[in-house]
Amino acid sequence: MTARRRYWLMKSEPDAFSIDDLERVGTEPWTGVRNYQARNFMRDGMQVGDGVLFYHSNTAPPGIVGTATVASTAYPDPTQFDRDSGYFDPKATHEQPRWHLVDVAFERRFKRTITLDEIKAHADDLGEEFPLIRRGTRLSVLPVSAAQWRHLLSLE
DNA sequence: GCCAACGTTGGC
DNA sequence: GCCAACGTTGGC
């Protein structure tokens with residue numbers, strides 16, 4: 001049985017890791033997520049082949065800049081065990097890892113950024129529950145419905 | 001750089 | 001298990 005393809009939005013600060021960086025390397029382990037809800041989406045929700053909207057945060061203007069695909073099932077984030085990493089977690093052990101990630105593969109860079117402003121302007125079409133435009137939501141990994149995925153791509 | 005929002009931590 | 005303090009996110 002093949003599960004239906006799911007869709008996600010993943011945020012990255014372009015100064016740290018941009019869509020251009022992803023295009024250069026092709027596939028990247030999505031290290032550094034240290035939020036349980038975001039981790040759960042990766043660990044429990046993602047399947048190889050799922051669609052990812054790549055979002056640039058903390059930049060002007062913030063927005064969706066391209067697409068990627070989920071390229072692995074979830075596995076422990078190696079940076080949690082690395083004392084030299086800023087993502088080191090002293091409470092994580094190999095026996096009981098706290099943080100999981102997936103590999104993300106480059107798919108396409110948009111010709112232009114679908115800005116947060118535009119996305120907000122389409123709030124009625126996307127639905128109230130869309131977490132990206134809900135005030136105070138800081139989730140860096142969040143689910144997108146098939147309808148939202150289609151609608152957001154149509155804005156390009 | 002500011003700061004509102006909110007998740008996490010740890011003392012009690 | 002409450003909740004104040006603290007740290008982080010991310011728009012502006």
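The sequence lines fix the lettering, A, B, ..., with proteins before strands; numbering per chain opens at 1. Small disclaimer: the values here were computed from a predicted structure and weren't measured.
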If you assign A/Thr137 and A/Arg98 each to the DNA chain B nucleotide with the nearest heavy atom, which residue ends up on the more 5' nucleotide? A/Thr137

First of A/Asn58 and A/Lys91 reached from the 5' end of DNA chain B, by closest nucleotide: A/Asn58

Give the ring-plane orientation class for A/Phe54 versus A/Trp30, where under 30° counts as parallel, over 60° as perpendicular and anything between as tilted. perpendicular

Starting at [atom1] of [X] and ending at [atom2] of [N], how long is that distance when rounded to a whole Å?
X	N	atom1	atom2	result
A/Asn35	B/dT9	CG	P	11 Å
A/Trp99	B/dG7	CH2	C1'	10 Å
A/Asp15	C/dT9	CG	C1'	15 Å
A/Glu118	C/dG11	CD	P	15 Å
A/Leu139	C/dG11	CG	P	13 Å
A/Tyr87	C/dT9	OH	C1'	12 Å
A/Asn40	B/dT8	CG	P	10 Å
A/Arg138	C/dG11	CZ	P	12 Å

For C/dG10, take OP1 and OP2 only and decide whether either is under 4.0 Å from a side-chain N or O of A/Lys11. yes

Below 4.0 Å: OP1/OP2 of C/dT9 and any side-chain N or O of A/Tyr55: no

Residues passing the side-chain hydrogen bond (donor to acceptor under 3.5 Å, both in side chains) test with A/Asp89, sequence neighbours excluded, are A/Arg98, A/Trp99

Tell me whether the centres of the aromatic rings in A/His94 and A/Phe81 are closer together than 6.0 Å. yes

Measure the shortest side-chain to side-chain distance between A/Met46 and A/Met10 over non-hydrogen atoms and say whether it is less than 4.5 angstrom. yes

